[in-house]
> 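Starting off with a structure, shown below.
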Amino acid sequence: MASTTDKQGRPLVAVTGMGVVTSLGQGVEDNWAGLVAGRSGVRQIARFPVAGLRTQIAATVDFVPADPFCAPSLSEELARRAADEAVAQSRLGRPGDFPGALFMAVPPVEMEWPQREALAAAAPERNEVGYGALLAAAETGRFKPWHELFLFGTVADRIADRFGTVGSPISLSTACSSGGTAIQLGVEAIRRGETDAALCIGTDGSVNPESLVRFSLLSALSTQNDPPDAAPKPFSKNRDGFVMGEGAAALVLESAASAKARGARILGYVLGCGEKGDGFHRTRSSPDGAPIIAAIRAALADARLSPDEIDYVNAHGTGTPENDKMEALGLGAVLGPRTAAVPVSSNKSMLGHTLTAAGAVEAVASLLTIGRGRLPPTINYQVPDPAIALDVVPNTSRDASVRFVLSNSFGFGGQNTCLIFGAEPR
Amino acid sequence: MRRRPVVVTGIGLLSSLGVGVEAHLAALEAHAEPRLETERFAPYPVHPAPPIEWDSQIPKKADQRQMEAWQRLGVYAAGLALDQAGLKDDHALKATTQVIVASGGGERDYAVDGQILTGLRGAAEPGAFLNERLMNDLRPTLFLAQLSNLLAGNISIVHGVTGASRTFMGEEACGIDALRIAQARVAAGQADIMLVGGSFNAERPDSLLIFAMGGCLWTQPFRPVFERPEAGGGFVLGSGAAFLVVEAQEHAEARGAPACAELLPVGAARTRREPGDVRASLERLWGDAAPGPEAAILSGATGLAQPTREERDALEALAPGQPVIALGDLVGHTLETVAPLAAALGAGMIGSRHRSEVVATVVGHRRGEGLVRLVAPR
């Protein structure tokens with residue numbers, strides 16, 4: 001029994017399947033090869049005209065078709081591919097009959113400009129197009145499928161349908177920490193004994209003109225368009241913002257008891273989850289870093305781990321001036337004198353910021369880091385920031401023995417979510 | 001694992017019927033006529049938000065300005081719930097109180113959208129035109145008024161509730177799941193106290209547009225939701241917000257907070273919505289929850305033909321001859337907020353009107369079936 005419960009007597013949560021799709025490619029192997037090679041998925045945006053935009057680059061996933069092309073369709077297809085890989089690896093259930101709950105981080109969807117334009121074109125001829133005209137077009141009944149397409153719950157509903165997950169699927173957002181929250185919800189459900197398994201997914205395929213402009217207007221994006229792959233520079237002194245990315249990752253979480261009983265291969269454990277809200281500002285962190293520090297400490301406490309036992313940090317590391325400064329401050333406060341000796345790297349230097357998916361994508365990377373014994377680098381690290389005294393695994397990957405990883409995710413709206421993964425239970 | 005009783009210690013509620021639980025109970029007892037706005041969005045009626053003194057819950061004008069209507073409604077209702085639960089001045093407890101919000105997203109700048117669509121028709125280079133207009137015409141802060149999780153973010157900023165928040169999306173079902181997860185986490189000891197709820201602004205053309213495309217909106221003279229299936233069916237959107245403070249009974253007792261109701265485990269289901277699925281799903285949920293014969297019955301029925309007919313059939317079989325209070329007849333269809341609103345009203349009926357038990361059915365217009373059961377605190 002001891003090996004299937006944690007120190008608090010709760011069911012221990014194992015990972016038995018992983019899948020991932022990003023701008024680096026489809027599948028765990030392609031992505032891992034890209035990450036440890038220090039390859040960038042950032043490129044000039046080809047999907048739509050970029051004239052007049054300050055930022056013209058993104059780590060888009062261009063090899064996945066979606067119809068009609070819009071964020072919910074692409075996000076669904078990315079999630080489907082990631083979940084196909086994860087569920088197949090876990091060998092849990094049968095195809096279309098996954099014996100567990102679905103927790104899914106999805107981008108908030110809304111109708112996009114191509115659809116608005118199609119409605120406008122179908123509207124009765126008027127000099128000025130407004131919502132009255134769009135509503136008149138809607139009344140024709142010709143656009144019925146778009147009602148379904150642009151409901152917030154549709155992506156998860158279709159994934160639930162395809163994989164046959166159990167119960168009411170949860171679509172969630174905690175902004176840029178959503179992927180982490182999806183995993184946390186799965187862990188909690190297993191610990192409550194509600195389910196033996198959970199399919200936890202983060203997906204985001206929302207690089208479109210308006211999403212890009214929204215982040216651009218908040219001055220969150222790098223504007224160093226040329227060369228594209230050099231734009232995201234986490235922890236560097238000359239960092240100037242994040243680069244939007246797309247992707248999805250899926251994890252099959254399973255109670256260790258269930259995984260062991262069926263002889264499943266355990267890829268690692270989710271040992272701890274911590275979170276803390278921040279009421280300081282809509283986009284900025286409390287200047288003292290207290291909420292970030294509290295979230296990290298909550299994850300450590302949940303895992304019954306001391307800060308000294310963290311071998312590696314998979315950073316949120318967006319490459320915005322604000323995030324990286326605050327994350328370094330938070331890590332310094334928790335790790336203390338060891339700070340400079342603990343490697344901390346940012347997958348976003350290569351994958352861009354996959355937003356809603358990031359926490360899940362980085363969870364997969366964290367587990368691979370443990371399993372493969374190699375630290376993916378922070379690329380584009382040419383100008384160290386003297387205010388950030390971290391070993392960022394600059395530019396090239398390196399071998400390391402890693403038992404416990406801290407993975408950070410932070411988001412607009414005061415969202416801070418930290419997860420701890422381990423090779424073995426504590 | 002042990003399961004602790006979970007009680008409701010704070011209710012915040014607003015809709016077209018007014019602000020606060022008492023206004024809703026009074027309207028219910030008076031069989032008040034629903035308030036409808038039929039002109040502004042004709043041919044679509046909506047149940048509009050009531051007049052609200054924003055300053056009493058959102059003191060800073062800057063905060064009010066940074067929010068769109070759905071966020072203001074939600075932050076206001078959350079404040080009412082925190083007040084009743086005695087949390088407003090308990091900064092230490094608010095700093096550990098967790099939040100689950102059920103919401104969609106924020107509204108758009110309709111004037112800007114219209115100008116862009118008009119301009120796009122004659123634009124030589126539509127892509128470049130769109131980029132230029134978006135870069136120049138979108139207010140930078142509008143994004144923050146649109147992001148789904150920024151209702152929760154504003155609750156933490158305005159009210160200082162900073163345990164951590166999660167936002168569930170997905171129309172009616174996410175409101176059910178928000179209650180379900182909050183109840184389950186507190187019952188299991190994963191949290192001691194949570195703020196859970198949602199808000200919806202019906203008075204927005206972009207929301208109407210989504211449901212108009214689906215042919216979901218009722219445009220005939222007002223008729224009770226359970227009478228709509230025979231006339232084609234449809235819903236009337238309603239503005240509203242509802243939040244509840246839920247906590248472990250032992251936690252509430254230890255801090256001397258009176259409980260108005262006990263929230264039992266929330267039932268939630270998903271079916272493929274083949275004919276008969278809604279009815280079977282509700283019968284299963286009802287069987288699991290096993291409400292007593294004294295239970296007052298609330299229904300979140302939308303008025304859409306198929307699901308509403310099946311819900312009516314299910315309730316007639318499960319509780320023959322019992323009166324059913326349809327929220328849609330009172331406040332309209334509040335989408336993500338239906339389940340929290342039903343729970344808030346139900347908790348009020350128990351806490352303020354001595355009902356012993358309330359059961360609420362919530363059937364999503366497209367997906368998701370739920371059942372919420374509240375009883376008098378033990």
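Below, read A as the first sequence line, B as the second, and so on, with proteins coming before strands; counting in each chain starts at 1. Note that the structure is a prediction, hence the values are computed from the model and not measured.
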> Which answer fits B:Leu208, side chain, backbone, both or neither, if we ask what part of it has an atom under 4.5 Å from a heavy atom of chain A?
both

> Where do B:Ser103 and B:Thr167 come nearest, in terms of heavy atoms and distance?
OG-CG2, 3.6 Å

> Counting distance only, does the side-chain N/O of A:Arg47 pair as donor-acceptor with the main-chain N or O of A:Asn208 below 3.5 Å?
no

> For a side-chain contact (heavy atoms from CB on, under 4.5 Å) with A:Phe410, tell me which candidate from A:Ile292, A:Thr417, A:Thr174 qualifies.
A:Ile292

> Using heavy-atom distances under 4.5 Å, tell me whether B:Leu120 contacts chain A through its side chain, its backbone, both, or neither.
side chain

> Between chain B and each of A:Arg282, A:Met111, A:Glu110, count heavy-atom pairs under 4.5 Å; write down the option with the most.
A:Arg282

> Between A:Asp157, A:Asp278, A:Val213, which shows the greatest number of heavy-atom pairs under 4.5 Å with chain B?
A:Asp157

> What option among A:Arg142, A:Glu194, A:Glu139, A:Glu188 has the most heavy-atom pairs under 4.5 Å with chain B?
A:Glu188

> Most heavy-atom pairs under 4.5 angstrom with chain B, which of A:Ala298, A:Pro169, A:Gly130?
A:Pro169

> What part of B:Leu130 gets closer than 4.5 Å to chain A, counting heavy atoms only: side chain, backbone, both or neither?
side chain

> Could you look at B:Glu369 and say if it's the side chain, the backbone, both or neither that has a heavy atom under 4.5 Å from chain A?
neither

> Looking at A:Arg162 and A:Glu76, is any side-chain nitrogen of the basic one under 4.0 Å from a carboxylate oxygen of the acidic one?
no

> Checking heavy atoms, do the side chain of B:Arg166, its backbone, both or neither come under 4.5 Å from chain A?
both

> Counting only heavy atoms not in A:Glu128, do more than 12 sit closer than 6.0 Å to its CD atom?
no

> Could you tell me which residues satisfy side-chain contact (heavy atoms from CB on, under 4.5 Å) with B:Thr141, sequence neighbours excluded, listed by chain and number?
B:Gln66, B:Arg139

> B:Tyr44 versus chain A, heavy atoms under 4.5 Å apart: side chain, backbone, both or neither?
side chain

> Atom OG of A:Ser286 and atom NZ of A:Lys276: how far apart are they, to the nearest 0.5 Å?
8.5 Å

> For the residue pair B:Phe211 and B:His365, is the inter-centroid distance of their aromatic rings smaller than 6.0 Å?
yes

> Which of the residues B:Pro140, B:Gly153, B:Pro126 is involved in the greatest number of heavy-atom pairs with chain A at under 4.5 angstrom?
B:Pro140

> In terms of the angle between their ring planes, are A:Phe215 and A:Phe412 parallel, tilted or perpendicular, with boundaries placed at 30° and 60°?
tilted

> In terms of heavy-atom pairs under 4.5 Å with chain B, which of A:Ala156, A:Ala160, A:Gly414, A:Gly141 leads?
A:Ala160

> Mind ranking B:Gly214, B:Ala212, B:Ala95, B:Ala102 by heavy-atom pairs under 4.5 Å with chain A and telling me who comes out on top?
B:Gly214

> Would you say A:Arg214 and B:Gln146 are linked by a side-chain donor-acceptor pair, where the criterion is simply a distance under 3.5 Å?
yes

> Counting only non-hydrogen atoms closer than 4.5 Å, does B:Leu138 touch chain A with its backbone (N, CA, C, O), its side chain (CB onward), both, or neither?
both

> Is B:Arg273 paired with B:Asp277 through a side-chain N to carboxylate O contact shorter than 4.0 Å?
no

> In terms of heavy-atom proximity below 4.5 Å to chain B, should A:Asn416 be classed as side chain, backbone, both, or neither?
neither

> What part of A:Trp146 lies closer than 4.5 angstrom to a heavy atom of chain B: side chain, backbone, both or neither?
both

> Using heavy-atom distances under 4.5 Å, tell me whether A:Thr283 contacts chain B through its side chain, its backbone, both, or neither.
side chain

> Where does B:Leu144 contact chain A at under 4.5 Å (heavy atoms): side chain, backbone, both or neither?
side chain

> Can we say B:Arg366 and B:Glu171 salt-bridge, meaning some charged N sits less than 4.0 Å from an Asp/Glu carboxylate O?
no

> Under a 4.5 Å heavy-atom cut-off, does chain B meet the side chain of A:Leu119, its backbone, both or neither?
side chain

> Does any pair with a residue in residues 117-133 of chain B pass side-chain hydrogen bond (donor to acceptor under 3.5 Å, both in side chains), and if so which ones, sequence neighbours excluded?
B:Arg133-B:Asp137

> Could you check, using the six-membered ring where one of them is a Trp, whether B:Tyr110 and A:Tyr131 have ring centers closer than 6.0 angstrom?
yes

> Find the one option among B:Ala268, B:Ala111, B:Ala184, B:Gly119 whose heavy-atom pairs under 4.5 Å with chain A are most numerous.
B:Ala184

> Using a 4.5 angstrom heavy-atom cutoff, name the option from A:Leu212, A:Thr181, A:Leu185 with the most pairs to chain B.
A:Leu185

> Closer than 4.0 angstrom, basic N to acidic O: yes or no for B:Asp177 and B:Arg180?
yes

> Go through the atoms of A:Val106 and report whether side chain, backbone, both or neither lie under 4.5 Å from a heavy atom of chain B.
both

> Look at B:Gly105, B:Ala173, B:Ser165 and state which one has the largest set of heavy-atom pairs under 4.5 Å with chain A.
B:Ser165

> Using heavy-atom distances under 4.5 Å, tell me whether B:Ala187 contacts chain A through its side chain, its backbone, both, or neither.
neither

> Given that the side chain runs from C-beta out, which part of B:Asp206 has a heavy atom under 4.5 Å from chain A: side chain, backbone, both or neither?
both

